[in-house]
Structure formats: C-alpha cells, structure tokens
Amino acid sequence: MTSASQGWDRLGGGGQGALVLAVDFDGSTRQEATFRDLARLLPDRLDVWHAVPPTADLEHADQYLAWWLETLPRSGERVSAVLGYCAGGVYAAALADAIELRQEVRPEVVLFNPGSPNTATLSRDLFGALGSMTAVNEDERQRFRQRAEEIVEHCAGDFAALADEFCAVYVDASRIAFERWGIEGEVGDELMGLFRAYTRYLSAARQLERRPRWVDALSLNSADHEGGFTGRETSFDSSRADLLRSPAVAAAVTATLTVSS
C-alpha cells in the first residue's frame, strides 16, 4: 500500500473513508497474523493505517507517541478509531488519549489481546523466533532455550536487562542460522537489528501507566487470552496466531466502527 509519511503505512481503504489507526510492531519474528491480514477483511470505507516504528534508537514511550502523532496520515482530519495488538494496545490507548485532546472527540479504541509486556511475552517471542530458525538443529535450539531460561532467573524483575540479554541470545542463534542459509552480513545485521528494535518497543511500552479512560476500550481476545485489561471484552474461538485473520473478529470490528463513525 501507499505510504503517507515515515510514521504510517496504509493497509486498506481508498483514502476517503473513516480514518483508522492500527498499532503493532510489524516485522518482528512473531508468527501471528497481523493487521495486514485484518485489513483485508474490513470494508473499503475504513481507511486503515499501520504505525511504523521510528528507525532511531529510542528508549522512552513518549518518543514513540510523539513520532506517530507528528506524522499522522490525513493531517487535520478526525481519527475515528485506534486499534492495538498485544503491547500495541498500550500504545494505542495512550495514542487515543493524545488524539482526544487534539480533536475533542475520543476515537473508538479496539484492542486485541492487550496487555503490558512481561517476561512471558518476551520469552514467547524469543522461543518462537528460535523455532523458526530451521537451520539451527534441535540440540542447539535447546541450548539457546536453556540459556534464555537462566537469563530469566538472573534478570528477575528487570525487564530492560532481560531484553538486552535475550537480544544476545537471538543474535548468537541468528548468526548460526544466517551462515547456514547463506544470508549476507548486511541483511543479517538488519534482521538482528529488527529484533533489538522490537525489544526496545516492548520495554518502552512498559513505561506507560494505565489511565482511567483505557477501561472504556473494547478488547477482542483469543480463546487463550487472560483478559482483564479493559472493561468491555469479547472472546473468540480463535488462537492467538489466528486472531487477526478471523472473519468473526473482522465482523466485530466492522460493527463497532460502523456504529462509532
């Protein structure tokens, strides 16, 4: 799709419908469906734009929010809704707070499996990345998993340190995989940098404290999600991996945004 600015990419819609913003870290090593999958299931009257993380090495959540606010698509027009997936739900809720101050009307906020990142979040994503490295044999993969488990014990309660140590595990495993796959140095460095950027995105999200209006958001959750992030929740008979490609979820989003727009 076309790009309006450095901060946003259009995923769906023709540029004239209700403006919908979606926040997730696209491009990490996670295997779940993304907002790109969801946008294909939404009507064209919803003009959906996806947040692009800044390329700079940022450490604070306010810097991410400022980046996205400064580069909003269709500048000056009303934002109808903000969507957020996983840790992106934290950013989406905070983004909606800022947008409400600008336009005096709160966008509808729809979150998918929302929650503040924690050790389980990062462990799941690292283990998922290791599992996708088919060039790394099972014995090697198990050693990396064991190393990660030891890091969890060593970094108890220090998420930033955990993220840094997990990056080191990812880099070491990636170098083995990239060499066997024949991936050149610059490409490999870019992929490893993407994982580092993802962990910084998670670390920064943890800086955002819950605010009263967040409870008003609607959460659409997979069957295995614990819930409790917002006051309005609907669970679907869908796995986490398939949540954003579920027709039932897309229908719920369409109905909610049609009513609110």
Side-chain angles (χ1 to χ4, degrees), residues 23-34 53 57-61 63-64 84-94 111-180 188-210 219 221-229 239-244:
V23 186
D24 183 26
F25 193 94
D26 192 15
S28 75
T29 56
R30 294 176 296 116
Q31 302 301 307
E32 293 96 343
T34 69
D57 184 9
L58 303 183
E59 296 182 355
H60 301 289
Q63 294 175 298
Y64 286 84
Y85 177 74
C86 193
V90 178
Y91 285 114
L111 309 179
F112 305 80
N113 281 7
S116 182
N118 54 32
T119 298
T121 306
L122 198 51
S123 296
R124 180 194 62 228
D125 293 336
L126 176 62
F127 291 168
L130 292 173
S132 69
M133 295 180 188
T134 54
V136 177
N137 66 48
E138 186 55 36
D139 287 342
E140 292 167 329
R141 193 177 293 116
Q142 184 56 37
R143 285 197 293 272
F144 283 121
R145 290 194 187 107
Q146 182 176 351
R147 179 176 158 192
E149 291 168 358
E150 292 171 354
I151 290 170
V152 170
E153 294 184 8
H154 176 70
C155 297
D158 190 339
F159 189 87
L162 177 73
D164 287 343
E165 294 289 343
F166 269 25
C167 278
V169 174
Y170 179 82
V171 166
D172 289 346
S174 294
R175 283 175 176 157
I176 294 173
F178 295 162
E179 181 177 354
R180 292 173 184 171
D189 289 345
E190 182 177 345
L191 292 172
M192 288 185 283
L194 196 60
F195 190 82
R196 283 193 292 269
Y198 175 58
T199 62
R200 293 191 186 104
Y201 164 91
L202 295 182
S203 294
R206 287 172 56 87
Q207 301 167 6
L208 292 169
E209 297 183 2
R210 294 278 285 275
S219 294
N221 301 332
S222 62
D224 58 349
H225 188 68
E226 63 182 6
F229 191 81
S239 68
R240 175 186 179 83
D242 293 330
L243 185 66
L244 293 183

Inset, instruction - Classify the angle between the aromatic ring planes of Tyr64 and Tyr201 as parallel (below 30°), tilted (30 to 60°) or perpendicular (above 60°). - result: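 The arrangement is perpendicular - the two ring planes meet at more than 60°.
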Inset, instruction - Might you confirm whether atom CD of Glu179 has over 12 heavy atoms from other residues, nucleotides or ligands at distances under 6.0 Å? - result: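 Atom CD in Glu179 is not packed in, count stays at 12 or less.
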Inset, instruction - Examine Tyr85 together with Phe112 and report whether their ring centres are nearer than 6.0 Å. - result: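 So the answer is no for these two rings.
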Taking atom [atom1] of [X] and atom [atom2] of [Y], what is their separation to the nearest 0.5 Å?
{"X": "Ile151", "Y": "Gln146", "atom1": "CD1", "atom2": "CD", "answer": "11.0 Å"}
{"X": "Leu208", "Y": "Ser116", "atom1": "CG", "atom2": "OG", "answer": "8.5 Å"}
{"X": "Ser203", "Y": "Asp164", "atom1": "OG", "atom2": "CG", "answer": "7.0 Å"}
{"X": "His60", "Y": "Gln63", "atom1": "NE2", "atom2": "CD", "answer": "5.5 Å"}
{"X": "Thr121", "Y": "Leu126", "atom1": "OG1", "atom2": "CG", "answer": "12.5 Å"}
{"X": "Leu194", "Y": "Asp189", "atom1": "CG", "atom2": "CG", "answer": "12.5 Å"}

Legend entry - Pairing of Asp172 and Arg147 as salt bridge, 4.0 angstrom limit: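 Salt bridge: yes.
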Inset, instruction - Indicate yes or no: does Arg240 engage Glu32 in a salt bridge with an N to O separation below 4.0 Å. - result: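 Between Glu32 and Arg240 there is a salt bridge, with a charged N closer than 4.0 Å to a carboxylate O.
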Inset, instruction - Determine, step by step, whether Val152 and Glu149 satisfy the side chain to side chain contact (heavy atoms under 4.5 Å, CB included) criterion, reporting the C-alpha distance in whole Å, the side-chain angles of both residues, the deciding distance to 0.1 Å, and the verdict. - result: CA-CA 5 Å; Val152 170; Glu149 291 168 358; 5.6 Å; no
Would you say [X]'s side chain and [Y]'s backbone share a donor-acceptor pair under 3.5 angstrom?
{"X": "Arg206", "Y": "Pro117", "result": "yes"}
{"X": "Glu140", "Y": "Asn137", "result": "yes"}
{"X": "Arg141", "Y": "Val136", "result": "yes"}
{"X": "Tyr91", "Y": "Val23", "result": "no"}
{"X": "Gln207", "Y": "Ala61", "result": "yes"}

Inset, instruction - With Arg210 as the cation and Phe229 as the aromatic partner, state whether NZ or CZ is under 6.0 Å from the six-membered ring centre and within 45° of the axis. - result: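 The answer is yes; both the distance and angle limits are met.
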Legend entry - Partners passing salt bridge (charged side-chain N to carboxylate O under 4.0 Å, His left out) against Arg145 (at least two apart in sequence or in another chain):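 So Arg145 forms a salt bridge (charged side-chain N to carboxylate O under 4.0 Å, His left out) with Glu138.
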Legend entry - Listed partners of Arg143 passing salt bridge (charged side-chain N to carboxylate O under 4.0 Å, His left out), at least two apart: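 Not a single residue meets the salt bridge (charged side-chain N to carboxylate O under 4.0 Å, His left out) criterion with Arg143.
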Legend entry - Under 3.5 Å side-chain donor-acceptor pair for Asn221 and Ser219: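 Not at all, the side chains of Asn221 and Ser219 share no donor-acceptor pair under 3.5 Å.
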Inset, instruction - Indicate whether the side chain of Thr34 and that of Asp26 have a donor and an acceptor atom separated by less than 3.5 Å. - result: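 Distance-only check fails for Thr34 and Asp26.
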Nearest heavy-atom neighbours spanning [X] and [Y]:
{"X": "Phe166", "Y": "Ala148", "answer": "CE1-O, 3.6 Å"}
{"X": "Thr199", "Y": "Ala163", "answer": "CB-CB, 3.8 Å"}
{"X": "Arg196", "Y": "Val171", "answer": "NH1-CG2, 3.6 Å"}
{"X": "Ala173", "Y": "Leu130", "answer": "CB-CD2, 3.6 Å"}

Inset, instruction - Please tell me if the side chains of Ser174 and Met133 come closer than 4.5 Å, counting only heavy atoms from C-beta onward. - result: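 The answer is yes, as the side chains (C-beta and beyond) meet within the 4.5 Å cut-off.
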Legend entry - Side chains of Pro114 and His225 in contact at under 4.5 Å (non-hydrogen atoms):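 When only atoms from C-beta onward are counted, His225 and Pro114 do touch, with a gap below 4.5 Å.
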Legend entry - Any pair counted as ring-ring contact (aromatic ring centres under 6.0 Å, His included), so long as it reaches residues 132-160, sequence neighbours left out: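 Of all non-adjacent pairs touching residues 132-160, none passes ring-ring contact (aromatic ring centres under 6.0 Å, His included).
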